[in-house]
Amino acid sequence: DTEVTQTPKHLVMGMTNKKSLKCEQHMGHRAMYWYKQKAKKPPELMFVYSYEKLSINESVPSRFSPECPNSSLLNLHLHALQPEDSALYLCASSPGPGLAYNEQFFGPGTRLTVL
Amino acid sequence: AQSVTQLGSHVSVSEGALVLLRCNYSSSVPPYLFWYVQYPNQGLQLLLKYTSAATLVKGINGFEAEFKKSETSFHLTKPSAHMSDAAEYFCAVSVDTGGFKTIFGAGTRLFVKA
């Protein structure tokens with residue numbers, strides 16, 4: 001299995017809702033990432049997990065809360081989001097956290113709309 | 001600081017023509033460079049990567065890129081464009097900030113005309 005899966009594919013939520021995005025990989029990768037991508041822009045890194053521990057937080061607002069329950073799963077909990085948070089949220093994984101030459105494997109993304 | 005710059009936000013070619021997408025990097029140390037492709041409403045997919053093993057790197061779908069240190073460039077080429085190559089292409093560099101992360105260029109949208 002060489003893919004990263006993300007659910008749901010689309011999500012519409014109000015500003016007072018609480019929702020979660022889910023990401024899963026079964027490639028034995030030990031680094032997992034969350035990115036935010038606005039239209040016609042490159043992905044922006046949000047969080048990095050290395051060996052299930054949060055290693056990088058790119059000063060993301062606390063209304064985004066990541067969680068890595070095990071080496072295969074990555075969640076992003078959403079609460080009190082703003083309309084400007086509407087974007088494509090991409091999950092990625094890579095084999096080794098400390099290896100600069102490792103490429104990342106991306107999921108198809110969750111298209112989030114905040115009303 | 002390490003970074004990449006993609007020249008041209010849009011490139012248009014005819015089917016069968018040469019594809020050339022430009023990327024220049026800025027790095028004080030040998031960089032690890034990547035090209036990713038993103039088709040509409042999909043995630044990113046690796047086309048190829050440079051890890052200093054060879055300056056000419058061959059990737060998937062007939063793409064290749066040449067690392068030129070003297071020009072600080074890593075341009076992506078394909079001899080003959082196909083309609084299915086129409087997509088967004090991102091050049092990227094791996095940087096060490098106490099943990100490695102990938103910095104993406106702004107992207108180049110490739111249009112292929114019939």
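Computed from a predicted structure; not experimentally measured. Atom set for the values below is all heavy atoms of this structure, side chains included, hydrogens, waters and symmetry mates excluded. Each chain gets a letter, A, B and so on, in the order the sequences are listed, and its residues count up from 1.
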Would you say [Y] ends up clustered with [X] if hydrophobic residues are merged whenever their side chains have heavy atoms under 4.5 Å apart, either directly or through other cluster members?
X       : Y       : answer
B:Leu44 : A:Met46 : no
A:Leu78 : A:Met15 : yes
A:Met32 : A:Ile56 : no
B:Met83 : B:Leu21 : yes
B:Leu47 : B:Val13 : yes

Return yes if some donor-acceptor pair links the side-chain N/O of B:Tyr36 with the main-chain N/O of A:Gln104 below 3.5 Å, else return no.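 Present.
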Starting at [atom1] of [X], measure out to [atom2] of [Y] and round the result to the nearest 0.5 Å.
X        : Y        : atom1 : atom2 : answer
A:Phe106 : B:Leu46  : CZ    : CG    : 9.5 Å
A:Leu88  : B:Asn41  : CG    : CG    : 8.0 Å
B:Thr51  : A:Glu103 : OG1   : CD    : 9.5 Å

For [X] against [Y], the heavy-atom pair lying closest together:
X        : Y        : answer
A:Leu90  : B:Gln38  : CD1-NE2, 4.4 Å
A:Gln37  : B:Phe90  : NE2-CZ, 3.7 Å
A:Tyr35  : B:Thr102 : OH-CB, 4.0 Å
B:Phe104 : A:Pro42  : CB-CB, 3.8 Å
B:Lys49  : A:Asn102 : NZ-CA, 4.4 Å

Go through the atoms of B:Glu88 and report whether side chain, backbone, both or neither lie under 4.5 Å from a heavy atom of chain A.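 Neither; nothing under 4.5 Å.
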Between A:Glu44 and chain B, which part of the residue has a heavy atom less than 4.5 Å away: side chain, backbone, both or neither?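 For A:Glu44, no heavy atom lies under 4.5 Å from chain B.
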Please check if the number of heavy atoms outside A:Lys18 that lie under 6.0 Å from its NZ is greater than 12.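 No, NZ of A:Lys18 has 12 or fewer neighbouring heavy atoms, counting only those of other groups under 6.0 Å.
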Would you indicate whether A:Arg30, at its atom CZ, is surrounded by more than 12 heavy atoms from other residues, nucleotides or ligands within a distance under 6.0 Å?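 Enclosed: over 12 neighbouring heavy atoms sit under 6.0 Å from CZ of A:Arg30.
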Tell me, out of A:Ser94, A:Ala31, A:Pro108, who's got the most heavy-atom pairs with chain B below 4.5 Å.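 It is A:Pro108.
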